Amino acid sequence: MSFVNRQIVDVARSQLGNVGGEPYWSWYGFPSRVEWCACFVSWCADQCGYIDSGIMPRFSGCSQGVNWFQARNLWLDGSATPTSGMIIFFDWVDDDGTQDGNSDHVGIVEKVEGGRVYTIEGKSGDACQQNSYPIGYFEIFGYGTPKYEIGSTEDDSQSNTPAQGA
């Protein structure tokens with residue numbers, strides 16, 4: 001994984017345990033609490049300079065993020081095997097047992113290991129948390145694939161070190 005891919009993952013890891021999302025939705029400009037998973041991803045991207053450089057969009061709704069990546073041909077469907085630093089979008093099963101074909105949630109791919117995608121997500125149980133899903137899991141809608149700049153590389157054992165207490 002290149003340095004710049006690790007950068008967004010490291011920023012997201014530094015936020016693990018935040019409850020309520022106030023730093024992210026207030027940074028975005030909302031005066032009070034909103035659904036904040038997309039604000040979290042945007043905040044992480046901003047901390048890395050990716051919004052100003054055009055590598056990633058500033059978005060507060062999942063569909064805005066999906067549309068941005070798809071319009072730029074920076075999209076993989078949910079059956080793909082992602083890499084660290086990609087943006088993972090989900091389409092959760094609705095109360096009636098169906099999926100509506102729209103993204104409901106977003107996070108950052110931390111790593112892929114042993115057939116699983118490990119993520120860092122804001123507003124997961126109202127906190128920044130690590131989660132994991134099988135590759136190709138049916139609720140994974142797809143992946144935004146930012147065009148990160150090529151940076152120095154390091155082996156996966158260094159770049160995929162879990163966060164403390166994980």
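Along the sequence shown, the residues carry numbers beginning at 1. None of the values given here were measured: they were computed from a predicted structure. Just so you know, these numbers use all the heavy atoms, side chains as well, and skip hydrogens, waters and symmetry mates.
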Nearest-0.5 Å distance, CG of residue Asn102 to CZ of residue Phe89: 12.5 Å

Arg33: salt bridge (Lys or Arg N to Asp or Glu O under 4.0 Å) partners, not counting sequence neighbours: Asp126

Any donor-acceptor pair under 3.5 Å from Asp91 side chain to Gly101 backbone: yes

Pairwise side-chain contact, Phe59 with Val41, heavy-atom cut-off 4.5 Å (strictly under): yes

Salt bridge (Lys or Arg N to Asp or Glu O under 4.0 Å) against Glu22, all qualifying residues, sequence neighbours excluded: none

Main-chain N/O of Gly97 paired with Asp94 side-chain donor or acceptor, under 3.5 Å: no

Trace of the side-chain contact (heavy atoms from CB on, under 4.5 Å) decision for Ile87 with Val106: CA-CA 7 Å; Ile87 309 305; Val106 63; 3.4 Å; yes

Check: Asn18 and Pro23 side chains under 4.5 Å, non-hydrogen atoms: yes

In residues 114-121, what donor-acceptor pairs under 3.5 Å come from side-chain atoms, sequence neighbours left out?
from   : atom 1 : to     : atom 2 : distance (Å)
Arg116 : NE     : Ser132 : OG     : 3.0
Arg116 : NH2    : Ser132 : O      : 3.1
Arg116 : NH2    : Ser132 : OG     : 3.1
Thr119 : OG1    : Glu121 : OE2    : 2.5
Thr119 : OG1    : Asn131 : O      : 3.3
Glu121 : OE1    : His105 : NE2    : 2.7
Glu121 : OE1    : Asn131 : ND2    : 3.3
Glu121 : OE1    : Tyr133 : OH     : 3.3
Glu121 : OE2    : Asn131 : ND2    : 3.3
Glu121 : OE2    : Tyr133 : OH     : 2.8

Distance, nearest 0.5 Å, that separates CG of Leu74 from NZ of Lys147: 6.0 Å

Criterion side-chain contact (heavy atoms from CB on, under 4.5 Å) on Trp43 and Val11, from CA distance to verdict: CA-CA 9 Å; Trp43 181 90; Val11 168; 3.8 Å; yes

Spacing of CZ belonging to Arg58 relative to SG belonging to Cys39, to within rounding of 0.5 Å: 8.0 Å

Heavy atoms of other groups near Asp96 CG, more than 12 under 6.0 Å: yes

Trp25 ring center near Phe30 ring center (under 6.0 Å): no

Indicate every side-chain donor-acceptor pair of residues 60-70 with a distance under 3.5 Å to a residue at least two apart or in another chain.
from  : atom 1 : to    : atom 2 : distance (Å)
Gln64 : OE1    : Ser60 : N      : 3.0
Gln64 : OE1    : Gly61 : N      : 2.7
Asn67 : ND2    : Ser63 : O      : 3.2

From Asp10 atom CG to Gln15 atom CD, the distance as rounded to the nearest 0.5 Å: 12.0 Å

Heavy-atom donor-acceptor pair, Asn5 side chain to Ser84 backbone, under 3.5 Å: yes

Test of ring centre spacing under 6.0 Å for Phe141 and Phe90: no

Evaluation steps, side chain to side chain donor-acceptor pair (under 3.5 Å), between Gln130 and Glu110: CA-CA 8 Å; Gln130 292 169 306; Glu110 179 179 20; 3.1 Å; yes

Step-by-step side-chain contact (heavy atoms from CB on, under 4.5 Å) determination, Ile108 to Ile8: CA-CA 8 Å; Ile108 297 167; Ile8 195 167; 3.9 Å; yes

From Lys123 atom NZ to Cys37 atom SG, the distance as rounded to the nearest 0.5 Å: 7.0 Å

Identify every side-chain donor-acceptor pair in residues 75-82 under 3.5 Å, counting partners at least two apart or on other chains, and give the distances.
from  : atom 1 : to    : atom 2 : distance (Å)
Asp77 : OD1    : Ser79 : N      : 2.9
Asp77 : OD1    : Ser79 : OG     : 2.5

CD (Gln47) with more than 12 external heavy atoms under 6.0 Å: yes

Partner residues of Asp52 under the salt bridge (Lys or Arg N to Asp or Glu O under 4.0 Å) criterion, sequence neighbours left out: none

Side-chain heavy-atom pair Gln7, Tyr148 within 4.5 angstrom cut-off: no

Working for side-chain contact (heavy atoms from CB on, under 4.5 Å), residues Tyr24 and Cys44: CA-CA 9 Å; Tyr24 321 113; Cys44 291; 5.9 Å; no

Taking every non-hydrogen atom, the tightest pair across Val9 and Gly85: CG2-N, 3.9 Å

Interatomic spacing from CZ in Phe40 to SG in Cys128 - rounded to 0.5 Å: 4.0 Å

